[in-house]
Engineer: 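Have a look at this one.
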Amino acid sequence: VFSTRIRYLNCRTCVIHNSTNRVTIYQMRYVILGGGVAGTTVADSLPLFDDQAQITLISATDTVKKVINLEQRGEIVSSFDITDSTPKTDKYKFICGVVTKCDVHAKTVTLKDGSVIPYDKLCVATGARPNVVFPDIPEVIGIRDTETVEDLECRLKHCKHITVLGNGGIASELVFAMKKCHVSWVIKDQTISSVFVGGVASKFLLDSLGQVSTATDSNAFSSVSKRHVYSTTVGASSDAEFQGSALGPDWYSGRFFEGACPNEALEIEYNSEISSVKKVVNGAHKLQITLANGKIIHSDILVSATGVIPNSEVFRDNLKLCEVDGGILVNRRMQTSNPHVFAAGDVCSIPWRESDKWKQMRLWTQALQQGFYTARCMASAEDEIVEPDIAFEIFTHSTKLFGFKVILLGTFQEWEGCQLYFRITPHQEYIKVVVNESRVQGAVLIGDTDLEEVMENLILNQLDISQLGEAILDPNIDIEDYFD
């Protein structure tokens with residue numbers, strides 16, 4: 001038995017002296033669970049901070065999500081595409097397997113095939129799965145990964161009527177992409193796409209679709225004021241077992257969501273929820289869907305797009321979970337309740353805030369940002385001060401809705417007492433700027449506005465815009481030069 005002395009240089013490598021006087025460099029063993037944007041970003045970024053890192057990426061599927069065509073549109077805001085790829089890199093070792101156990105005391109993870117993988121530091125980036133209503137009915141499906149999209153694409157070929165439940169990005173884009181099919185869109189809100197935009201923007205998006213049949217009368221889109229400044233008063237508003245990683249921007253690009261109905265129609269059920277779903281035998285359609293208001297919809301498929309559930313069950317006995325959403329709680333260094341285990345992406349819940357202009361939303365943009373920051377935290381020494389990235393200063397998200405580029409910045413949803421500045425060009429662009437005490441707090445940019453960078457700077461720097469006021473959106477004023 002040899003006596004061994006270990007002198008840590010930092011948390012990444014250490015020099016080991018033993019009785020033979022031989023010196024070796026110990027490589028830190030990093031294990032990342034999850035092949036989504038967060039997981040692959042951690043794996044790709046770790047070598048930037050620890051060039052001696054021994055990295056293993058474990059994914060439930062044999063393909064992973066990779067960020068490509070990354071384009072910075074400001075200091076924080078960026079746009080990118082996501083592609084499925086088979087890992088071929090010398091940066092890390094890739095294992096296709098499903099984690100069934102995590103022993104935080106022994107620092108090991110066990111896979112379904114019995115393999116035991118040791119680690120020094122672990123990152124959980126297992127993502128989330130669709131919150132599917134009535135999951136026991138085969139005709140009710142969730143949209144989350146490439147496999148479920150392909151399944152829907154195949155099923156649609158024989159469908160004449162489809163019902164979509166949900167009001168977020170996936171539901172909105174699916175409704176936009178659907179062709180040759182009668183679509184019933186069931187939303188619990190007064191306006192479409194309310195997760196991202198308000199009533200005025202919803203009307204702008206609906207107008208881009210052309211003629212829309214609405215089943216329930218709603219005053220949400222009855223008129224839009226031509227004034228540019230609004231004072232707001234906000235009131236209350238009435239192996240299939242293991243899924244792949246979440247979809248990214250343009251997830252429907254190249255897909256053919258075409259049904260078997262010669263006539264297209266979109267029917268929107270506002271302020272509605274589904275109370276029951278029954279299978280129909282020998283009927284024209286496979287499902288009988290009953291809404292909370294008693295209305296019955298006969299449909300072939302129900303797509304459930306009502307949010308996600310973090311994939312945290314395996315870690316329930318070892319790590320502290322959020323009581324609200326079931327995500328793994330992390331601190332400002334993305335550490336869980338165990339300091340050697342980190343979490344990033346949809347599986348984690350972030351209770352802390354660096355700014356009131358940032359909030360957590362389970363989006364691919366934040367998965368990328370969290371992945372890079374988590375890699376930096378994992379590679380840092382325990383006594384090293386690590387400040388959150390600037391990405392945690394303001395909320396930023398780039399996506400597409402109804403074929404339009406959409407940029408969301410800062411506190412983009414209005415609240416009582418704020419001012420709203422609008423510039424709207426029908427079918428081309430929609431700009432909303434949220435202002436409080438003569439300072440920009442947030443913005444919604446739809447279309448090719450080229451205002452991402454300047455709005456981001458105004459929010460970050462909190463410059464006084466009182467001299468311009470609503471003229472800040474005058475197309476004849478170059479506000480980038482004005483605030484330079």
Side-chain angles (χ1 to χ4, degrees), residues 8 10-12 28-39 41-43 45-46 49-50 53 55-60 97-111 116-129 131 246 307-355 358-362 366-367 369-389 391-392:
Y8 283 91
N10 50 45
C11 82
R12 299 181 286 275
M28 186 65 67
R29 296 171 301 180
Y30 301 97
V31 174
I32 299 102
L33 308 180
V37 172
T41 301
V42 172
S45 302
L46 271 170
F49 306 106
D50 182 0
I55 305 168
T56 301
L57 176 65
I58 302 174
S59 174
V98 176
V99 175
T100 58
K101 180 182 177 182
C102 176
D103 189 333
V104 297
H105 302 292
K107 291 186 177 181
T108 61
V109 291
T110 303
L111 306 185
V116 178
I117 312 297
Y119 67 84
D120 294 306
K121 292 195 174 182
L122 175 71
C123 177
V124 181
T126 47
R129 63 188 181 278
N131 181 22
V308 296
I309 302 172
N311 293 321
S312 58
E313 288 80 3
V314 173
F315 313 96
R316 185 176 299 277
D317 296 333
N318 296 295
L319 304 175
K320 187 175 181 180
L321 304 185
C322 175
E323 295 181 357
V324 177
D325 59 20
I328 300 174
L329 287 168
V330 295
N331 62 17
R332 293 176 76 252
R333 294 180 61 137
M334 305 304 286
Q335 290 171 305
T336 67
S337 52
N338 184 290
H340 303 289
V341 180
F342 298 72
D346 288 358
V347 74
C348 79
S349 290
I350 302 177
W352 47 271
R353 297 288 183 272
E354 288 298 298
S355 165
W358 184 89
K359 63 179 178 180
Q360 183 185 15
M361 295 183 72
R362 288 182 165 90
Q366 290 195 349
Q369 295 167 346
Q370 292 174 27
F372 183 80
Y373 175 57
T374 301
R376 184 160 69 92
C377 292
M378 292 179 73
S380 64
E382 293 183 6
D383 59 351
E384 183 179 344
I385 298 176
V386 181
E387 293 295 334
D389 292 338
F392 292 91

Engineer: Report yes if the side chains of Pro351 and Leu329 come closer than 4.5 Å at any heavy-atom pair, otherwise no.
Structural biologist: yes

Engineer: Answer yes or no: is there a side-chain heavy-atom contact under 4.5 Å between Ser45 and Arg376?
Structural biologist: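 No, every pair of side-chain atoms sits at 4.5 Å or beyond.
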
Engineer: Sub-3.5 Å donor-acceptor pair from the side chain of Trp358 to the main-chain atoms of Arg353, do we have one?
Structural biologist: no

Engineer: Indicate the atoms forming the closest heavy-atom contact of Gly345 with Ala38, along with that distance.
Structural biologist: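 Between these two residues, the closest heavy atoms are CA-CB, 3.8 Å.
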
Engineer: Would Gln360 and Phe392 count as a side chain to side chain contact (heavy atoms under 4.5 Å, CB included) here? Give the steps.
Structural biologist: CA-CA 9 Å; Gln360 183 185 15; Phe392 292 91; over 6 Å; no

Engineer: Measure the shortest side-chain to side-chain distance between Met334 and Met378 over non-hydrogen atoms and say whether it is less than 4.5 angstrom.
Structural biologist: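 A side-chain contact is absent here, since even the closest heavy-atom pair is not under 4.5 Å.
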
Engineer: Would you say the side-chain atoms of Asp120 pair up with the backbone N or O of Arg29, donor to acceptor, closer than 3.5 Å?
Structural biologist: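 Yes; at least one donor-acceptor contact below 3.5 Å.
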
Engineer: Would you mind reporting whether Ser380 and Phe49 have side-chain heavy atoms less than 4.5 Å apart?
Structural biologist: no

Engineer: Does any part of the side chain of Glu387, heavy atoms only, come nearer than 4.5 Å to the side chain of Arg332, both counted from C-beta?
Structural biologist: yes

Engineer: Identify the heavy atoms of Gln370 and Ala344 that sit nearest to each other, and give their distance.
Structural biologist: OE1-C, 3.8 Å

Engineer: Decide yes or no on side chain to side chain contact (heavy atoms under 4.5 Å, CB included) for Ile350 and Val330, but give the supporting numbers first.
Structural biologist: CA-CA 6 Å; Ile350 302 177; Val330 295; 3.8 Å; yes

Engineer: For Val347 and Val124, work out which heavy atoms get closest and say how close.
Structural biologist: CG1-O, 3.4 Å

Engineer: Would you say Thr126's side chain and Asn311's backbone share a donor-acceptor pair under 3.5 angstrom?
Structural biologist: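 Flag set: sc Thr126 to bb Asn311 pair under 3.5 Å.
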
Engineer: Starting at CD of Gln335, measure out to OG1 of Thr374 and round the result to the nearest 0.5 Å.
Structural biologist: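 Result: 10.5 Å between the selected atoms.
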
Engineer: Distance-only check: which donor-acceptor pairs under 3.5 Å involve side-chain atoms of residues 318-326, not counting sequence neighbours?
Structural biologist:
{"from": "Asn318", "atom 1": "ND2", "to": "Cys102", "atom 2": "O", "distance (Å)": "2.7"}
{"from": "Asp325", "atom 1": "OD1", "to": "Gly327", "atom 2": "N", "distance (Å)": "2.9"}
{"from": "Asp325", "atom 1": "OD1", "to": "Ser349", "atom 2": "OG", "distance (Å)": "2.7"}
{"from": "Asp325", "atom 1": "OD2", "to": "Ser349", "atom 2": "OG", "distance (Å)": "3.1"}
{"from": "Asp325", "atom 1": "OD2", "to": "Arg362", "atom 2": "NH1", "distance (Å)": "3.2"}
{"from": "Asp325", "atom 1": "OD2", "to": "Arg362", "atom 2": "NH2", "distance (Å)": "3.3"}

Engineer: Can you find a heavy atom in the side chain of Asn338 that is under 4.5 Å from one in the side chain of Leu122?
Structural biologist: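 No, their side chains stay 4.5 Å or more apart.
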
Engineer: Which heavy atom of Gly34 sits nearest to which heavy atom of Leu57, and what is that distance?
Structural biologist: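 Shortest heavy-atom contact: O-CD1, 3.2 Å.
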
Engineer: Measuring from Met28:CE to Ile55:CD1, what's the distance to the nearest 0.5 Å?
Structural biologist: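 One finds 12.0 Å between CE of Met28 and CD1 of Ile55.
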
Engineer: Distance check, rounded to the nearest 0.5 Å: Asp103 atom CG versus Thr108 atom OG1?
Structural biologist: 4.5 Å

Engineer: If you define the side chain from C-beta out and look only at heavy atoms, does anything of Ile58 sit under 4.5 Å from Val109?
Structural biologist: yes

Engineer: Please confirm whether the backbone N or O of Phe342 pairs with a side-chain atom of Arg333, one donor and one acceptor, at under 3.5 Å?
Structural biologist: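 It does not hold such a pair.
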
Engineer: Determine whether Thr56 and Tyr119 make a side-chain contact, defined as any pair of heavy atoms from C-beta on separated by less than 4.5 Å.
Structural biologist: no

Engineer: Would you compute the distance between atom OG1 of Thr336 and atom CZ of Phe315 and round it to the nearest 0.5 angstrom?
Structural biologist: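 Answer rounded to 0.5 Å: 9.5 Å.
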
Engineer: What heavy-atom pair brings Gly371 and Thr41 nearest, and what distance separates the two atoms?
Structural biologist: C-CG2, 3.7 Å

Engineer: Between Asn331 and Trp352, which heavy-atom pair has the shortest distance, and what is it?
Structural biologist: O-NE1, 2.8 Å

